[in-house]
Visitor: 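I'd like to ask some things about the structure below.
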Protein chains: 2
Amino acid sequence: MSKCNQCIIKEFNSLKSLSKEELMGISGCKTSKFIKKGEIIFEEGETLKGVYCVKDGICKLTKLSANGKDQIVKLVVKGDLLGQRSLISDEAVNLSAVALTNMEVCFIPKAEIFGNLKNNSDFSMDMLKQMANDLKESDNVVVNMAQKSVKQRLAEALMYIHNSFGLDNQGYLNVVLSREDYASVVGTATESAIRVLSQFKKEGLISTSGKQIKIENMEGLKRIE
Amino acid sequence: MSKCNQCIIKEFNSLKSLSKEELMGISGCKTSKFIKKGEIIFEEGETLKGVYCVKDGICKLTKLSANGKDQIVKLVVKGDLLGQRSLISDEAVNLSAVALTNMEVCFIPKAEIFGNLKNNSDFSMDMLKQMANDLKESDNVVVNMAQKSVKQRLAEALMYIHNSFGLDNQGYLNVVLSREDYASVVGTATESAIRVLSQFKKEGLISTSGKQIKIENMEGLKRIE
DNA sequence: ATTTAGATATGATATTTGTCATGTTTTGAT
DNA sequence: ATCAAAACATGACAAATATCATATCTAAAT
């Protein structure tokens, strides 16, 4: 069993506030899991028995809307925790998590997290900060959804992925989404997302190679209205 | 100076997890403030020096979008705290707070809140729970904004206000919003909000008396597509 | 290599929503 | 009580977006 206190991943999330002893405790009860692209980590409505620490790979958090369409609420990468919100509220999960690439995650049981929240105020403060940040971002997304056009939202989604998830060695976005997923991120019909991406391509703002997308003119994307 | 441990309001928020001594500490440093309808409590970008506990009245939390329109992100009532998110993130506030009615609020300095977060794990756990709940609701709003029509969103806004803020003695919604505010809640043009409300009225789903709105057919509103 | 389901693309059209113009009503200040 | 400003209302039209149809491309399975 690999040791949490030697794991670099923890530096990217609240677990960094835990002591060596507390991390040893987690090492002792965590389990490691490999998840294939497309597989479901958990589904809306499930009751979670712990949180997942993402060691490698990328997944999407989605919510099924009343009209039957999935909406992507967030993209989660290496270093993020999954399921804390649900655990803290002591409710069924509000979102589904689906792997966009092959993933490696560590599962940490609920009791362990709660114990640390109770005894380590730095940890709970860090968790609070993380949650506060998620809330701010979610509020910002609400405003964008309500006030911006599909074109703007898609341009911003591309820039967000560019800035947050980086590029491969040929300059393509590291996160590869289907057109349907792009539609689901910006909240529009798949055909609309395809049309806008085609337009961006015509205008030289992006280029593509299969599913892969490369931003060619960041300033142009910023100027989209 | 009135005493926090005798104040019923605290039962509705995280302050209920504080001990009598901790509440006395807050009583000693809090200040009470009356705010008139339409006045700004704080504005996006400001740095807060504490949180506000809403003793009476209702306010809206808004965010200015790039196109210059205000978006109402949340309605806040008696019992809620204002400004915790910003305080915890140690950042400028993300949202503006504007009174929709005359209000009475208590201002509690930052240091007092942080001290209690550090020393009282029940308090920080409760704060975490509150934040987790806000996050869930915000995520749900994102999905609604992205996937539902203006008509649906407005119907839901009316039902939300009905269920969460109650009615006056004649059955009108307790929260009275201008048409512009309704537009800002659902993220649409003021004229569109007016049109939809007029249509609801024609269909007998609601009735109005000036700005006041009464839901006449809850089931009908639920069925809106 | 062939097949085939799924993804991407695009045209035609319908629907929704926004914008501008204009008139009416309500509200608040004097 | 009167007046001005703001809020409300509605028509006409424009723009954005969704839907439906259909064609092409791609990738995985045999």
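Each chain gets a letter, A, B and so on, in the order the sequences are listed, and its residues count up from 1.
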Visitor: Roughly how many Å is it from CZ in A:Arg179 to C1' in C:dT10, rounded to a whole number?
Guide: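 Roughly 14 Å, once rounded to whole Å.
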Visitor: From the 5' end of DNA chain D to its 3' end, which nucleotides mark the outer limits of contact with chain A, defined by a 4.0 Å heavy-atom distance cut-off (strictly under)?
Guide: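 First-to-last contact on DNA chain D, by the 4.0 Å heavy-atom rule, is D:dT17 to D:dC20.
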Visitor: Considering just the side-chain nitrogens and oxygens of B:Ser192, establish if one lies under 4.0 Å of OP1 or OP2 belonging to C:dT17.
Guide: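 No, no such contact exists.
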Visitor: Please report, rounded to the nearest Å, how far the C1' atom of C:dT17 is from the CD1 atom of B:Ile194.
Guide: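 To the nearest whole Å, that distance equals 14 Å.
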Visitor: Can I get a per-line list of side-chain donor-acceptor pairs under 3.5 Å for residues 45-60 of chain A, giving both atom names and the distance, sequence neighbours left out?
Guide:
{"unit_1": "A:Glu46", "atom_1": "OE2", "unit_2": "A:Glu43", "atom_2": "N", "d": "3.1"}
{"unit_1": "A:Lys60", "atom_1": "NZ", "unit_2": "A:Asp181", "atom_2": "OD1", "d": "2.9"}

Visitor: Nearest-Å distance, CD (A:Glu191) to C1' (C:dT10)?
Guide: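 For the pair A:Glu191 CD and C:dT10 C1', the rounded distance is 10 Å.
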Visitor: Check whether more than 12 heavy atoms from other residues, nucleotides or ligands sit under 6.0 Å from atom CZ of A:Phe12, and answer yes or no.
Guide: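 Open.
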Visitor: C:dG11 base to A:Arg195 side chain: any donor-acceptor pair below 3.5 Å?
Guide: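 Under the 3.5 Å cut-off, the side chain and the base do form a donor-acceptor pair.
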Visitor: Would you mind checking if A:Glu91 and B:Lys136 are paired as a salt bridge, meaning a charged N to carboxylate O distance below 4.0 Å?
Guide: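 Counted as a salt bridge, because a side-chain N and a carboxylate O are separated by less than 4.0 Å.
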Visitor: May I ask you to evaluate whether B:Lys69 reaches the phosphate of C:dT19, defined as a side-chain N or O under 4.0 Å from OP1 or OP2?
Guide: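 Yes, within the criterion.
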Visitor: Whole-Å distance between C:dT17 C1' and B:Gln199 CD?
Guide: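 About 13 Å, once rounded to whole Å.
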Visitor: With nearest nucleotide decided by heavy atoms, which residue, A:Gly210 or A:Lys148, maps closer to the 5′ end of DNA chain D?
Guide: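 It is A:Lys148 whose nearest nucleotide is closer to the 5' end.
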Visitor: Would you kindly give the CG-to-P distance between A:Leu197 and C:dA7, to the nearest whole Å?
Guide: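 To the nearest whole Å, that distance equals 16 Å.
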Visitor: Please report the distance, rounded to the nearest Å, between CD in A:Glu180 and P in C:dG6.
Guide: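 The distance from CD of A:Glu180 to P of C:dG6 comes to 12 Å, rounded to the nearest Å.
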Visitor: With nearest nucleotide decided by heavy atoms, which residue, A:Thr190 or B:Gly187, maps closer to the 5′ end of DNA chain C?
Guide: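 Looking at the nearest nucleotide for each, A:Thr190 comes out on the 5' side.
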Visitor: Could you tell me how far apart B:Lys151 (NZ) and C:dG18 (P) are, to the nearest whole angstrom?
Guide: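 The distance from NZ of B:Lys151 to P of C:dG18 comes to 13 Å, rounded to the nearest Å.
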Visitor: From CD of A:Gln147 over to P of C:dT17, roughly how many Å is that when rounded to an integer?
Guide: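 Atom CD in A:Gln147 sits about 14 Å away from atom P in C:dT17.
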Visitor: Applying side-chain hydrogen bond (donor to acceptor under 3.5 Å, both in side chains), name anything that partners A:Ser164, two or more places apart in sequence or on another chain.
Guide: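 A:Ser164 satisfies side-chain hydrogen bond (donor to acceptor under 3.5 Å, both in side chains) with no residue once adjacent residues are dropped.
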Visitor: Verify salt bridge (charged side-chain N to carboxylate O under 4.0 Å, His left out) between A:Arg153 and A:Glu156, making sure each step is shown before the conclusion.
Guide: CA-CA 5 Å; A:Arg153 268 139 58 199; A:Glu156 284 180 15; over 6 Å; no
Visitor: Under a 3.5 Å cutoff, is there a donor and acceptor pairing between the side chains of A:Lys201 and A:Thr208?
Guide: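 Side chains of A:Lys201 and A:Thr208: pair found under 3.5 Å.
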Visitor: May I have the step-by-step check of salt bridge (charged side-chain N to carboxylate O under 4.0 Å, His left out) for B:Lys74 and B:Glu137, ending in yes or no?
Guide: CA-CA 10 Å; B:Lys74 203 184 172 202; B:Glu137 294 205 339; 5.7 Å; no
